[in-house]
Amino acid sequence: MLKLFNTLTHRQEEFSPQENNLVKMYSCGPTVYDFAHIGNFRYFLFIDVFSRYLKYKGYKLLNVMNITDIDDKTIKRSNERGIALNEHTKEFTAKFLEDLDLLGAEHPSKIVAATDHINEMIDLIKALDKNGLTYINEGSVYYRISAFNDYGKLSGAKISGNISGKRVNVDEYDKEDARDFVLWKAAKEGEPFWDTAYGAGRPGWHIECSAMAMKYLGESFDIHCGGVDLVFPHHENELAQSEGATGKQFVKYWIHCEHLMIDGQKMSKRENRFFTLRDLTKQGFSPLAIRYSLVSVPYRKQLNFTLDGLRGDETRVKKLQDFRRRLYKSKCESGSSAQISYSIKKAKEAFEEAMDDDLNTSSALAAVSILESEINKAISSESLLEDDKKAALDFFGKVDLVLGIFGEYKEEILDTEIQNLIEERLIARKNKNFARSDEIRKYLAEQGIILQDTKDGTDWRRA
RNA sequence: GCACGUGUAGCUAAGUUGGUCAAAGCAAGGGUCUGCAAAACCCUUAAUCGUCGGUUCGACUCCGACCACGUGCUCCA
């Protein structure tokens with residue numbers, strides 16, 4: 001039974017979807033003003049692993065993610081570049097998806113852009129209007145928080161009342177109450193706008209998620225995800241907009257992913273503590289190791305990202321790949337052993353138990369390591385049997401379906417020239433002609449083929 | 001200032017309805033294999049569980065204080 005920590009109730013709850021086998025989930029997506037950074041990807045990989053595990057558990061998943069392609073930052077950047085807003089945002093949406101692919105993250109079932117849903121937002125504002133939850137001031141439409149009783153139920157009482165000394169009128173729009181937020185911003189010079197029933201303007205930050213989530217998932221659905229920083233005000237306001245319009249519970253489980261830190265401190269562009277995916281791949285790190293790093297710490301813990309740690313994870317994923325390769329290639333007698341099959345069963349239980357416990361990936365990985373070590377011993381002592389090998393491969397395959405940490409395994413084929421050289425070298429070695437043997441090894445190394453001599457012959461791999 | 005969270009071996013970290021475990025990975029040391037390598041594998045080392053008190057027969061796990069770090073209260077994954 002999967003248990004999840006629900007921000008709304010502030011405790012761990014057993015998960016069960018509204019419709020018996022179908023999970024409906026909304027994940028807050030990127031604001032496409034620039035490249036996403038690894039902090040963003042920590043979250044997106046959490047969504048990936050979470051989604052994969054739901055499928056692993058046998059659920060059907062409808063996962064919608066938004067692309068925020070209209071806000072202060074996207075406007076600012078596109079103006080700086082002197083290109084149209086949507087040209088700018090299309091470009092960075094594409095980069096975002098490329099990065100997801102690179103990290104082996106599955107795409108959500110639906111990816112939707114805010115600017116494609118202006119009508120839905122206006123309709124939602126109308127519904128709020130009808131319920132007396134809005135007011136207009138100088139062409140902008142505001143949400144009147146005092147008229148919504150449940151305001152604050154997601155983030156807690158902490159925002160009730162004025163926050164002394166901190167709340168200034170940062171927004172250049174006028175509000176009745178400092179806590180009110182804008183639904184529709186009146187058009188300003190130099191900004192894109194849409195002509196609507198509420199005049200020319202552009203959407204406020206929160207309205208897109210309410211409108212799109214309800215359009216694709218219904219007025220009430222199962223899971224809503226985001227980074228912890230979104231709990232307030234974004235999700236609190238989203239909830240207020242949605243429930244204020246429908247009178248129904250908007251979301252049952254609110255799930256929030258913790259932030260990532262670099263060297264124990266907050267990311268900071270100014271102090272050069274900041275990485276995009278490209279920054280890291282340029283330094284030679286593999287996307288797989290980056291994925292492993294970001295996935296290996298449970299999502300509700302702050303993740304301390306360090307380059308030293310990443311180097312370690314680089315080694316780790318390489319060992320995982322070597323291990324799987326070794327297992328594939330191991331030659332086994334038929335049959336199975338009671339001990340190994342018990343260990344495999346245990347590992348599977350431990351893995352699922354860990355993941356069921358609010359997606360404890362760290363503990364799940366421990367289960368993998370323990371079995372890995374045991375299987376390795378069996379291979380070394382040539383005591384691994386065929387059925388156990390199959391069961392083990394099956395288990396690691398299932399793990400990989402969820403965590404995606406083994407990378408691709410493909411049987412590569414060498415061209416015959418290289419094949420022949422390897423043969424020739426074997427013969428040379430047999431005749432103790434080591435000069436020739438080393439010559440061939442050196443030559444192949446230059447071709448990117450690394451040879452490894454084993455007692456069963458010569459193995460090779462690409463550098 | 002207010003609110004919340006974290007502090008476990010060199011590093012990344014799991015674990016706590018209080019009484020077997022203080023997982024696992026990386027690093028480090030040793031070994032197996034090899035003509036030599038490389039890779040891989042095996043073994044070992046290491047934590048008074050932030051500090052100081054309290055509760056208890058017994059606390060890493062509960063309570064209090066303190067220190068450090070982080071986050072939110074403003075745009076943010």
Side-chain angles (χ1 to χ4, degrees), chain A residues 10 27-31 33 36-47 68 71-73 76 155-171 179 205 225-234 256-261 263-267 292-293 296-306 308-320 322-323 325-326 350 354 357 360-370 372-373 375-381 428-430 432-435 437-438 441-442 445 450-455 458-461 463:
Chain A
H10 216 73
S27 316
C28 277
T31 301
Y33 69 103
H37 52 70
I38 53 164
N40 299 116
F41 286 117
R42 195 263 169 119
Y43 163 70
F44 292 116
L45 287 175
F46 154 66
I47 297 298
T68 298
D71 82 318
D72 292 349
K73 280 182 298 202
K76 182 164 173 253
S155 53
K158 58 190 173 188
I159 41 74
S160 69
N162 281 325
I163 295 151
S164 60
K166 281 287 179 188
R167 267 305 177 152
V168 220
N169 201 1
V170 223
D171 223 319
R179 297 173 303 152
W205 174 31
C225 300
V228 280
D229 52 319
L230 296 183
V231 176
F232 184 86
H234 183 55
H256 292 98
C257 181
E258 254 299 346
H259 277 177
L260 167 150
M261 280 178 305
D263 296 328
Q265 284 176 293
K266 188 181 177 172
M267 278 196 291
Y292 186 95
S293 259
S296 62
V297 176
Y299 78 96
R300 288 215 310 126
K301 296 269 184 175
Q302 284 182 346
L303 184 156
N304 187 13
F305 184 89
T306 65
D308 274 341
L310 184 55
R311 277 178 209 110
D313 291 327
E314 198 74 68
T315 305
R316 180 66 192 133
V317 292
K318 193 171 169 309
K319 284 187 176 183
L320 281 170
D322 280 329
F323 166 68
R325 189 157 174 275
R326 186 176 191 225
D357 181 18
N360 189 337
T361 47
S362 179
S363 185
L365 284 170
V368 171
S369 297
I370 290 164
E372 177 192 355
S373 165
I375 299 281
N376 260 328
K377 276 178 235 175
I379 294 174
S380 293
S381 63
R429 287 182 69 220
K430 208 167 273 172
K432 304 221 185 291
N433 183 357
F434 298 124
S437 157
D438 289 348
R441 182 166 66 192
K442 194 174 164 220
I450 293 171
L451 298 184
Q452 297 166 208
D453 296 324
T454 72
K455 59 176 180 292
T458 295
D459 200 2
W460 61 271
R461 64 187 171 80

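Residue numbers begin at 1 in each chain, while the letters A, B, ... track the order of the sequences. Side chains are part of it too, since the values below use all heavy atoms of this structure and drop only hydrogens, waters and symmetry mates.
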Does a nitrogen or oxygen in the side chain of [X] sit under 4.0 Å from OP1 or OP2 of [N]?
X	N	result
A/Ser373	B/C41	no
A/Asn304	B/U12	yes
A/Lys318	B/A40	yes
A/Lys76	B/C75	no
A/Gln452	B/A40	no

Which protein N or O atoms sit under 3.5 Å from an N or O of nucleotides 45-47 of chain B?
none

Inset, instruction - Examine the side chains of A/Thr458 and A/Arg441 and answer whether a donor and an acceptor come within less than 3.5 Å of each other. - result: no
Inset, instruction - Check whether the side chains of A/Ser293 and A/Arg316 place a donor and an acceptor atom closer than 3.5 Å, and report yes or no. - result: no
When you compare the protein's N or O atoms with those of nucleotides 6-10 of chain B, which come within less than 3.5 Å of each other, and at what distance?
none

Answer with base, sugar-phosphate or nothing: what part of the nucleic acid does [X] contact at a heavy-atom distance below 4.0 Å?
X	result
A/His256	nothing
A/Asn376	sugar-phosphate
A/Gln265	sugar-phosphate
A/Ser362	base

Legend entry - Among A/Leu260, A/Thr361, A/Leu303, side chain to side chain contact (heavy atoms under 4.5 Å, CB included) partner for A/Val297: A/Leu303
Inset, instruction - Applying side chain to side chain contact (heavy atoms under 4.5 Å, CB included) between A/Lys377 and each of A/Ser373, A/Ser380, A/Ser381, report the one that passes. - result: A/Ser373
Got [X] and [Y] here, is their nearest side-chain heavy-atom distance under 4.5 Å?
X	Y	answer
A/Phe232	A/His234	no
A/Glu258	A/Gln302	yes
A/Met261	A/Met267	no

Legend entry - Listed partners of A/Tyr292 passing ring-ring contact (aromatic ring centres under 6.0 Å, His included), at least two apart: none
Return the value, rounded to whole Å, for the distance between atom [atom1] of [X] and atom [atom2] of [N].
X	N	atom1	atom2	result
A/Ile450	B/A37	CD1	C1'	12 Å
A/Leu451	B/A39	CG	P	14 Å
A/Asp72	B/U74	CG	C1'	12 Å

Legend entry - Nucleotide of B/A40, B/A14, B/G72 approaching A/Asp229 most closely (side-chain heavy atoms): B/G72
Legend entry - Nucleotide of B/G15, B/A77, B/G70 approaching A/Tyr43 most closely (side-chain heavy atoms): B/A77
Legend entry - Flag, side chain of A/Tyr43 to backbone of A/Val228, donor-acceptor distance under 3.5 Å: no
Listing time: all N or O pairs from protein to nucleotides 32-35 of chain B that are below 3.5 Å?
unit_1	atom_1	unit_2	atom_2	d
B/G35	O6	A/Ser437	OG	3.0
B/G35	N1	A/Asp438	OD1	3.0
B/G35	N2	A/Asp438	OD2	2.9

What pairs of nitrogen or oxygen atoms, one from the protein and one from nucleotides 26-30 of chain B, lie under 3.5 Å apart?
unit_1	atom_1	unit_2	atom_2	d
B/C26	OP1	A/Lys319	NZ	3.2

Inset, instruction - With pairs defined as Watson-Crick or G-U wobble and both distances under 3.5 angstrom, please note down RNA chain B as a dot-bracket string, | for pairing with another strand. - result: (((((((..(((......[....))).(((((.......))))).....(((((..]....))))))))))))....
Legend entry - A/Cys257 or A/Gln302, whichever maps to the more 5' nucleotide of RNA chain B: A/Gln302
